[in-house]
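Data block below; observations after.
Because the structure is a prediction, the values reported are computed rather than measured. Residue numbering restarts at 1 for every chain, and letters A, B, ... go by the order of the sequence lines.
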Protein chains: 2
Amino acid sequence: MQLEEGKEKFLQAWGTLGSSWGINRTMAQVHALLLISSEAMSTEDVMQELNISRGNANMNLRALIDWGLVGKELRPGERKEFFVAEKDMWKVARQVIRERRKRELEPMLRILEELKQVEGAQDDKEAEAFTKAIQNLYDLSSKADKTLNTMLRADEHWFLSSFMKLMR
Amino acid sequence: MQLEEGKEKFLQAWGTLGSSWGINRTMAQVHALLLISSEAMSTEDVMQELNISRGNANMNLRALIDWGLVGKELRPGERKEFFVAEKDMWKVARQVIRERRKRELEPMLRILEELKQVEGAQDDKEAEAFTKAIQNLYDLSSKADKTLNTMLRADEHWFLSSFMKLMR
DNA sequence: CAAAACTTTCAATAAGTATTGAAAGTATAG
DNA sequence: CTATACTTTCAATACTTATTGAAAGTTTTG
C-alpha cells in the first residue's frame, strides 16, 4: 500500500472510531493527521489536508489543546501558530483517561452520592430497587475512580509494569 | 429527596453520560429505567415512563438486548414481552467492555495491521513518521486487547481480585 | 380460518450537531 | 499609528441522527 492511501485510510478509521466514543469526527481526524505528521502543522495545513473551513479547523485544534492532546509550537520569526500532537500513545491514553475521569466520572459520583439519599417507605419495593441499583453503581464507580487515580498518579514505569502483570 | 425526583435525575444523568460515550440518549435512558426498576417492564411501560413512541421503545430495547444488557422475560399466560436489565454493575461493565472490544478494538487492529504494510522510500520522513505512529498505536492496542481478553476470560473472582490489587 | 394481541419496519419529519465563511478581534511589524 | 498577518467568533446553513406513527408482519387464541 502506498503512503497516501494509508494516510487516507487512517484518517477515515480514526474519525469513525472517534464518533463511536462521542468525539466528533473532524476532531478525531485532525488528531489523526497530527499524529502521523512528521512536522508541526499550521491551521492552513490542516484546512488543506482535510478540506475543512478555517473556523472548523480552529475550533477543533482548540478542543484538542483543551484535551491536552495537542500543543502549540511557536517558531521564531513566524507569526502563525503550528500544532503538534503528543506522539506517545501511552501518554495519549493516559491523558484521555485523565480528562474523561474529570469530566464524566467525578460529576457522576457527585450525582450518585446525592441519589443515595433518596427516601422511601420501609417496604417499598420500588424504593428498595432504586437504592440498591444506585449503591451498586456507586460502589463500582468509586472503585474505578480510585483505581484510575492510582494509575494516573503513578509514574509511567509503574503503570506499564502493572499493566503487564495484569496481562500475565 | 423523594423517589420520583431521584428517578428523574438518574434517567437524566445516565442519558447524558451515554451521549458522551457514543450511546444514544434514549437507549441509555431505557437502560437506566430498567436498572432501577424492581419489576420487568413491557414496551408499553417503557413508552409511558419515558414518553417515547412505540417504534422508538422497540428499537432501543432491541439494541439493549443486542448489547447483552437486557433480557426478555416471558410470563406464562401473558402474550407480551417483558424486559429486565442485568442489575450487577460489574457484569454490566464487563459486558460493555466485551462488546466494544469486539465491535471496535478488533476491527481497528485489523486496519492497523494493514497499515503497518505501507511502503515508503528509505529516507522519507513522512513515511517514517507514519509507520512509527501506526506501530506505536498497534502496540498499545494489541496490549490493551490482550489485557481485556485475559480479564474477560477469567472468572469474576479473579477479575475482582486483580482489580483490587491494582488499586492497592 | 379469522380476529385479537402484539411486535417490527420504515418513510416522513423533527431534533440535534457540525460546518461554513465572512466579519470582528488581536497582536506584531514597520 | 496603520497596515498586515494572523486567530477567533457566530449566525446561517448543511448534514447527521433520532423519533414518530401508521402500516405491515407475526404469533396466539378461539
How long is the line joining [atom1] of [X] and [atom2] of [N], in whole Å?
X	N	atom1	atom2	result
B:K72	D:dT27	NZ	P	10 Å
A:L50	C:dT19	CG	C1'	13 Å
A:N56	D:dT8	CG	P	14 Å
A:R75	D:dA5	CZ	C1'	16 Å
A:I52	D:dT7	CD1	P	14 Å
B:N58	D:dT20	CG	P	13 Å
B:R25	D:dT20	CZ	P	14 Å
B:N60	D:dT20	CG	P	10 Å

Minimum-distance nucleotide (side-chain atoms of [X] versus [options]):
X	options	result
A:M59	C:dT7, C:dT19, D:dT19	C:dT19
A:N24	C:dA18, D:dT19, D:dT8	C:dA18
A:E81	C:dT20, D:dA18, D:dT7	D:dT7
A:T26	D:dC6, D:dT20, C:dA18	C:dA18
A:R54	D:dT19, D:dT7, C:dT7	D:dT7

| field | Distance-only donor-acceptor check, side chains B:D145 and B:S142, under 3.5 Å | value | no
| task | State, yes or no, whether a side-chain contact exists between A:F10 and A:L33 at a heavy-atom distance under 4.5 Å. | result | no
| message | salt bridge (charged side-chain N to carboxylate O under 4.0 Å, His left out) for A:K7 and B:E126? Distances and angles first, verdict last. | response | CA-CA 10 Å; A:K7 276 188 178 180; B:E126 294 258 324; 2.7 Å; yes
| task | From the options A:R101, A:R94, A:R100, select the one residue that forms a side-chain contact (heavy atoms from CB on, under 4.5 Å) with A:R98. | result | A:R94
| said: Return whichever of B:K80 or A:M27 has its heavy-atom-nearest nucleotide of DNA chain C closer to the 5' end. | reply: B:K80
| Given DNA chain C, 5'-ward residue of the pair A:G77 and A:S53, judged by closest heavy atom | A:S53
| query | Taking for each residue the nucleotide of DNA chain D with the nearest heavy atom, is it B:R79 or B:N51 whose nucleotide lies nearer the 5' end? | reply | B:N51
| query | When only distance counts, do a donor and an acceptor, one from the side chain of A:R62 and one from the base of D:dT8, lie under 3.5 Å apart? | reply | no
| said: Check this for me: does any side-chain nitrogen of one of A:K125 and A:E128 sit under 4.0 Å from a carboxylate oxygen of the other? | reply: no
